[in-house]
2 protein chains.
Amino acid sequence: MEKKKYNISVEATLEVIGGKWKCVILCHLINGKKRTSELKRLMPNISQKMLTQQLRELEESGVVDRTFYHELPPKVEYELSEYGHSLEAILHALCNWGETHIIKTYGNKEEYLEKSILNE
Amino acid sequence: MEKKKYNISVEATLEVIGGKWKCVILCHLINGKKRTSELKRLMPNISQKMLTQQLRELEESGVVDRTFYHELPPKVEYELSEYGHSLEAILHALCNWGETHIIKTYGNKEEYLEKSILNE
DNA sequence: CGGTATCCTGTGAGATACTG
DNA sequence: CAGTATCTCACAGGATACCG
């Protein structure tokens, strides 16, 4: 009987944050809770469907908390869960590397990067 | 005229390591150069096609170096490039989080994880 | 051994319209 | 405002066979 599921531990990490948009969503949540509409604005290229879908999976993984305010119009807020905060070091590292990479690749990051996660 | 390409810096990182197998490959290369056949053995679920494809993209991104030994039978070795080494902190963080996550989720990691990147 | 070339399929993901 | 439900399709990715 074989129970082994992973060949290397990083596969478990990717199961949680490996989706196409998951890291991007999580990075946006580093600086605090966000409403659905805010996330959409921050990710103009994501579809409503993908946004909801990826958020659900992050919720199921236990790294994001969803709060529904039953009012009119309805309001929903997403934020890193307590467990999700354990990903912060990784998320910061990913953002920092990307910023350095952009500078290294394009020279002037201002023309290629809308905003920095670090000083938003 | 609009030149902006990224909405957030992490997108640039994902462009380099965001493929389905790229992080796994890179993690295996942390501990030194590997032959194609070794990588296949370490990743029993990856197809020949995907392995080659992902390696090519990592090469084009400049994070992996490929060395071809023109002998019989032919021999190819892959390793982190100098630039690729700048990803090491991220890769280690991803592996460590995964290991902790497995333990947290399953209790006994031995049954779910083939081997640890940390003590291979 | 390492890699390409075909073929073929599943599904990731967009567009659109609708609901509470 | 936030989220479903369909419909649709491109393409990621598997299986197989062949090449230097």
Side-chain angles (χ1 to χ4, degrees), chain A residues 5-8 10-11 14-26 28-29 32-61 63-81, chain B residues 5-8 10-11 14-26 28-29 32-61 63-81:
Chain A
K5 187 171 181 185
Y6 307 106
N7 291 292
I8 187 171
V10 69
E11 290 173 0
L14 294 176
E15 215 168 62
V16 175
I17 65 169
K20 186 178 180 183
W21 293 96
K22 295 206 181 117
C23 278
V24 177
I25 293 173
L26 292 171
H28 283 303
L29 294 182
K33 55 179 65 167
K34 296 272 187 299
R35 295 188 57 169
T36 308
S37 52
E38 289 180 277
L39 288 173
K40 271 193 220 172
R41 186 173 41 74
L42 292 168
M43 296 179 281
N45 296 320
I46 196 172
S47 65
Q48 163 74 264
K49 177 181 159 184
M50 283 308 294
L51 179 57
T52 307
Q53 186 177 305
Q54 301 283 295
L55 282 167
R56 289 292 171 280
E57 293 177 14
L58 289 170
E59 235 190 302
E60 281 166 30
S61 299
V63 293
V64 162
D65 285 336
R66 175 179 187 266
T67 310
F68 179 75
Y69 298 91
H70 198 69
E71 50 193 49
L72 278 180
K75 177 176 160 184
V76 174
E77 283 181 335
Y78 294 95
E79 63 189 312
L80 289 184
S81 70
Chain B
K5 186 171 181 185
Y6 307 107
N7 292 290
I8 188 171
V10 71
E11 290 172 1
L14 295 176
E15 216 167 62
V16 175
I17 65 170
K20 184 178 182 183
W21 293 95
K22 295 207 180 117
C23 279
V24 178
I25 293 173
L26 291 171
H28 283 302
L29 294 182
K33 56 179 63 170
K34 296 272 187 300
R35 295 188 57 169
T36 309
S37 52
E38 290 180 277
L39 288 173
K40 271 192 221 173
R41 186 173 41 75
L42 292 167
M43 295 179 281
N45 295 321
I46 196 172
S47 65
Q48 164 74 267
K49 180 180 159 184
M50 283 309 293
L51 178 58
T52 308
Q53 185 177 307
Q54 301 281 297
L55 282 167
R56 289 291 171 281
E57 292 176 13
L58 290 169
E59 235 190 303
E60 281 166 30
S61 300
V63 294
V64 162
D65 284 336
R66 176 181 187 265
T67 310
F68 178 75
Y69 298 91
H70 198 68
E71 51 193 47
L72 277 181
K75 177 176 160 186
V76 174
E77 283 180 338
Y78 294 95
E79 62 188 314
L80 288 185
S81 69

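Order of the sequence lines sets the chain letters (A, B, ...), proteins ahead of strands, with each chain counted from 1.
No donor-acceptor contact under 3.5 angstrom links the side chains of A:E57 and A:S61, judged on distance only.
Distance, B:R41 CZ to C:dC1 C1': 15 Å, rounded to whole Å. Distance A:I46 CD1 to D:dG3 P: 12 Å, rounded to the nearest Å. Taking atom NZ of residue A:K34 and atom P of nucleotide D:dA2, one finds them 14 Å apart after rounding to whole Å. In this structure, A:Q48 places its CD atom 15 Å from P of C:dA17, rounding to the nearest Å. Here the C1' atom of nucleotide C:dT4 and the CZ atom of B:R66 are 12 Å apart, to the nearest Å. Atom CD in B:E57 sits roughly 15 Å away from atom P in D:dC11 (whole-Å rounding). The CG atom of A:N45 sits 13 Å away from the P atom of C:dA13 (whole-angstrom rounding). Whole-Å rounding puts the B:L39 CG to C:dC1 P distance at 15 Å.
In this structure, the separation between CD on B:E38 and CE on B:M43 is 10.5 Å, given to the nearest 0.5 Å. In this structure, B:L29 CG and B:K34 NZ are separated by 6.5 Å, a value rounded to the nearest 0.5 Å.
The residue among A:K40 and B:K20 whose nearest nucleotide of DNA chain D lies closer to the 5′ end is A:K40. When each of A:W21 and B:T52 is assigned the nucleotide of DNA chain C bearing its nearest heavy atom, the one mapping closer to the 5' terminus is B:T52. Residue order along DNA chain C, read from the 5' end via each residue's closest nucleotide, puts B:L55 first among B:L55 and A:P74.
Side-chain atoms of A:M50 lie closest to C:dA13 of the nucleotides C:dT4, D:dG14, C:dA13. In this structure, the nucleotide among D:dC1, D:dG3, C:dC1 sitting nearest to the side chain of A:R35 is D:dC1.
Under 4.0 angstrom from either OP1 or OP2 of C:dA15 there lies no side-chain N or O belonging to A:S47.
Here B:Q53 lies out of heavy-atom contact (under 4.0 Å) with every strand. Nucleic acid contact for A:K49: base, since at least one base atom lies under 4.0 Å from a heavy atom of the residue. Looking at heavy-atom distances under 4.0 Å, A:Y69 makes no contact with the nucleic acid at all.
Each of A:L42, A:I17, A:L58 was evaluated against A:I25; a single residue qualifies, A:L58, per the side chain to side chain contact (heavy atoms under 4.5 Å, CB included) test.
In terms of heavy-atom proximity, A:E11 sits nearest to A:N7 at OE1-N, 3.0 Å.
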